[in-house]
Chemist: 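First, the structure itself, so that you have it in front of you.
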Amino acid sequence: MKLRTCIFLLFLLMPALLQAAEQTAAPGMTIRADVMNHDAVSDQIKASGKVEMIWQDMTMTADEATFNRSNQTLVARGNVHLVKAGDTLWGDQLVLDTETGRAEMENGHIFMAQGNFRADGRQVAKTGDDDYALRDGGLTTCDAAVPSWKFGASELDVTLEEFATGKHVIFYVKDIPVFYFPYIILPVKRERQSGFLFPKFGNSSKRGAAVDIPFYWAISPSQEATVNLDVQTKRGVGLGLDYRYKLSRSSEGSLGGYLIYDNNENKERGQLVQFHKELFSDSFSLISSLNLTSDRNFLTDYGEKSGEYNRQYYDSRIVLTKFWDHWLTSAQTIYTQDYYTGSNTTTLQRAPELSLYAVREQLPFIPNLYFDLDLLATNYYREKGTDGQRAVLEPRLTSTNSLFDGRLNLSLFGSLQVRGYNTNRVDPGLKDDQLLAIPKAGAQISSSFSRIFDVSFLDLQRMRHELVPTLSYLYVGDKDQSSVPLFDQLDRLNAQQTLAFSLASHLGGRIAKKEGAAEYRNLMTLRLLQHYSLSGSRTDLLTLTDDSRRWGDLTLESETWVHRSVRLLADLRYSHYDHRISSTASGVEYNDLRGNAARISYRMVDRQLDYLEGATSIALTRPLYATYTTRYSFDKHDFLESYYALEFRHQCWSVTAGYRERPNDRAWTVNFNLTGLFGIGNSPTGGAR
């Protein structure tokens, strides 16, 4: 009877107990605790035992807490945790103004999930929505109890999305002090942030000891820039710029360059690089691209800044393009710097160059007959040598037909290339004005044969093999062109009658996967090509075949996937007369998509090029990665370039040491990156910096 009475009383008292454990302290604010009471005189709510307080988008937990409803002040003690939008502030004691959000924490810690920022201090004050002040504290992005690195400071003021400024700052590796800074500014923005990036150190036999100090400027959500101060003991002090912008989905570009007063040359040297794309509409666009250097040897001495140090020439151009359904027109200006000539005064420039193209369109009332047209008008100029104007007009008719119920495809074409010249400063043997007309015609017949095979080899279930034989004929009329200037390759059109036979083989496979689904993959593509000249002069400029030899080189092009991770590439040209390979660009590539990759290729053009190129990236262990690239010249019997790099990646930092060796220079560099502080978030153009 007594037991039933106790249970009955417990049920009667349950609503009262629940009411005591949870109260609404203020509009939108709820407090829960094991024990809670309200002092009516002071208007304070005191709670203890698993205290939880929720208001707005914040949650606070503690062992005990007192909330003063008159001045909206909260005092919490013991295992205090304040969480807001995934960010956490915790410590021993918290004093918080719930109206302004200002707070003070004893022995406090801060964690910001985005960016993995961690800060702590003997006293931590939240002075604004995104502002914190720390005394006798530190800042890091590492998770460990003893972080791999941190900045410790007697005073540290942190503003989220902006900077952290500190006085008497010490940089620690583990618990070992390494650097001292009387004052420092660090970017602590969780997305893109302005601030100094970690310097790059190095040494070069050409440039001496060097330090590159980059500053990243997040100008706006659509603009950013990196400015580099480059100090070289042997050459001087250089300044680099890389500015990028994306003003809208139809307007983006970049502007960069490098400028240095070269102590060896006693003059200013530099480079200007610019790119802009403007889409006025879906069919109307403007592109400008500038690539200018102060002198012909600049890329040889400083090309590693842009990654290009052995170019033969640089083009700068402005192109305006407009197209319709079947027409395309453009106007462009091209300025060329030729680094292989003695002086750029003899280099041909093009301004303006106008073009009009009619895309292939079927003629009315005539089935299977199509018309297209090319029109190109160019004004050439240079300081020394023949220049002038040239117009090229080539209308073309093409007929396509299917024969024998589609088993054969026949294509015929005929065109007339008309070139007109107006020349200035005419060299001996050339004429001032001349008009040339050269007929061209051709035919092509092709077919396709395919078959599917059921196989059972490893994961391969089925294969499809397709053969595409093609026979073509090309005729170019014979016309003396020695009296017109040689502006480019269009001015010397070789007369010819050439037969060409090609055989393409495509092999694909159906691969079984563990999940039960199937994957269709290209296994091999192979193409054989053979030319035979019935009459005319040399047609293959790449392999330098003799004019008197009618058979062209036998060409083999192939791409073979030996495995998902291994690909073989081949481009071989075999001379029937010399009985040897006249040129090749062949190699093998490997990539396991887990940090291990390698490639090796051999490039040779008879009497022109002969070198071997290789590269590999190896994940030695999970945090340690090695990279090696090299090029060896067989004709010079020397390495053209070798580069070695070792990178150690940690959860919150990385370091890369590199060594580059060239015939006239040896250099090493060391680059540090502290994750979250010296990295850059997403760029306005969508990439990652």
Side-chain angles (χ1 to χ4, degrees), residues 200-212 228 230-238 240 258-271 273 291-314 337-344 347 542 544 583-588 597-618 626-647 656-671:
K200 178 186 291 186
F201 304 95
N203 188 75
S204 166
S205 57
K206 290 176 61 175
R207 296 179 295 277
V211 57
D212 190 331
N228 295 73
D230 186 24
V231 182
Q232 305 177 17
T233 57
K234 288 186 177 181
R235 307 304 287 262
V237 179
Y258 182 79
L259 181 65
I260 187 173
Y261 183 86
D262 194 326
N263 294 330
N264 287 10
E265 302 288 338
N266 293 321
K267 64 179 181 181
E268 297 280 356
R269 306 179 68 188
Q271 180 183 22
V273 179
N291 298 280
L292 302 172
T293 58
S294 59
D295 57 85
R296 317 179 76 73
N297 297 318
F298 176 84
L299 292 180
T300 303
D301 293 337
Y302 300 99
E304 72 277 358
K305 297 296 179 183
S306 60
E308 301 183 55
Y309 58 90
N310 59 352
R311 294 185 65 95
Q312 179 178 346
Y313 65 89
Y314 243 143
Q337 281 187 295
D338 190 340
Y339 301 123
Y340 280 22
T341 60
S343 171
N344 213 53
T347 303
L542 177 62
L544 306 178
S583 72
T584 181
S586 306
V588 58
R599 61 178 174 83
I600 185 169
S601 61
Y602 175 62
R603 300 176 185 271
M604 184 272 291
V605 177
D606 196 16
R607 299 183 292 274
Q608 297 293 313
L609 298 172
D610 191 9
Y611 69 88
L612 187 70
E613 184 176 40
T616 182
S617 299
I618 303 174
T627 302
Y628 172 66
T629 60
T630 188
R631 287 191 300 154
Y632 180 82
S633 173
F634 290 100
D635 50 350
K636 295 183 179 180
H637 303 288
D638 195 6
F639 285 92
L640 301 177
E641 180 183 30
S642 294
Y643 177 71
Y644 311 82
L646 193 63
E647 181 182 9
T656 303
Y659 174 74
R660 189 184 305 274
E661 185 172 351
R662 296 176 185 153
N664 60 347
D665 186 33
R666 290 171 174 80
W668 60 262
T669 58
V670 178
N671 187 25

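It should be emphasised that the depicted structure is a prediction, and the values quoted were computed from it without experimental measurement. Values below: every heavy atom of this structure, side chains too, minus hydrogens, waters and symmetry copies.
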Chemist: When you look at N266 and Y261, which way does the side-chain contact (heavy atoms from CB on, under 4.5 Å) test go after all the steps?
Modeler: CA-CA 7 Å; N266 293 321; Y261 183 86; 3.9 Å; yes
Chemist: If I take atom CZ from residue R662 and atom CZ from residue F639, how far apart are they, to the nearest 0.5 angstrom?
Modeler: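 The CZ atom of R662 sits 15.5 Å away from the CZ atom of F639.
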Chemist: Would you please say whether a donor-acceptor pair under 3.5 Å links the side chains of Y339 and T293?
Modeler: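 A donor-acceptor contact under 3.5 Å links the two side chains.
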Chemist: Less than 4.5 Å apart, any side-chain heavy atom of D295 and any of E265?
Modeler: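 No; the side chains remain at least 4.5 Å from each other.
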Chemist: Measure from the side-chain N and O atoms of N228 to the backbone N and O of D212, and report whether any donor-acceptor pair falls under 3.5 Å.
Modeler: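 Checking the backbone N and O of D212 against the side chain of N228, no donor-acceptor pair under 3.5 Å is found.
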Chemist: Stepwise, does the side-chain contact (heavy atoms from CB on, under 4.5 Å) test hold for M604 with Y611?
Modeler: CA-CA 6 Å; M604 184 272 291; Y611 69 88; over 6 Å; no
Chemist: Taking side chain as C-beta onward, heavy atoms only, is Q337 less than 4.5 Å from R296?
Modeler: no
Chemist: Under 3.5 Å, is there a donor-acceptor pair between the N344 and T347 side chains?
Modeler: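 Per modelled atom types, N344 and T347 side chains form a pair under 3.5 Å.
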Chemist: Quick one: closest heavy-atom pair of T630 and S642, and the distance?
Modeler: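 Here T630 and S642 meet closest at OG1-OG, 2.9 Å.
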Chemist: Apply side-chain contact (heavy atoms from CB on, under 4.5 Å) to R207 and D301, showing your working.
Modeler: CA-CA 9 Å; R207 296 179 295 277; D301 293 337; over 6 Å; no
Chemist: What is the distance from atom CZ of R269 to atom CG of N264, rounded to the nearest 0.5 Å?
Modeler: 9.0 Å
Chemist: Which heavy atom of I260 sits nearest a heavy atom of V237, and at what distance?
Modeler: CG1-O, 3.5 Å
Chemist: Give, for atom NZ of K234 and atom OG of S205, the distance between the pair rounded to the nearest 0.5 Å.
Modeler: 6.0 Å
Chemist: Under the side-chain contact (heavy atoms from CB on, under 4.5 Å) criterion, do T627 and E647 qualify, and how do the steps go?
Modeler: CA-CA 8 Å; T627 302; E647 181 182 9; over 6 Å; no
Chemist: Which value, rounded to the nearest 0.5 Å, describes the distance between S633 atom OG and R603 atom CZ?
Modeler: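 Between S633 OG and R603 CZ, I get 14.0 Å after rounding to 0.5 Å.
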Chemist: Report, as yes or no, whether the 6.0 Å neighbourhood of atom OH on Y313 holds more than 12 heavy atoms from other residues, nucleotides or ligands.
Modeler: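 Result for OH/Y313: open.
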Chemist: Roughly how far apart are I618 CD1 and L646 CG, rounded to 0.5 Å?
Modeler: 10.5 Å
Chemist: So, R660 versus S204: side-chain donor-acceptor pair below 3.5 Å or not?
Modeler: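 No, no side-chain donor-acceptor contact under 3.5 Å.
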Chemist: Strictly by modelled atom types, are D610 and Y602 linked by a side-chain donor-acceptor pair under 3.5 Å?
Modeler: yes
Chemist: Using the ring pair (Phe, Tyr, Trp, His ring centres under 6.0 Å) criterion, which residues pair with F298? Sequence neighbours excluded.
Modeler: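 For F298, the residues satisfying ring pair (Phe, Tyr, Trp, His ring centres under 6.0 Å) (neighbours in sequence not counted) are Y302.
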Chemist: Where is the tightest heavy-atom contact between V670 and W668, given as atom of each residue plus distance?
Modeler: CG2-CZ3, 3.7 Å
Chemist: If you look at every heavy atom in L612 and S601, which pair is closest and at what distance?
Modeler: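 It is CD1-O, 3.3 Å.
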Chemist: Once rounded to the nearest 0.5 Å, what's the spacing between atom OH of Y659 and atom CG of N203?
Modeler: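 Y659 OH to N203 CG: 10.5 Å, rounded to 0.5 Å.
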Chemist: Could you tell me which residues satisfy ring pair (Phe, Tyr, Trp, His ring centres under 6.0 Å) with Y644, sequence neighbours excluded, listed by chain and number?
Modeler: Y628
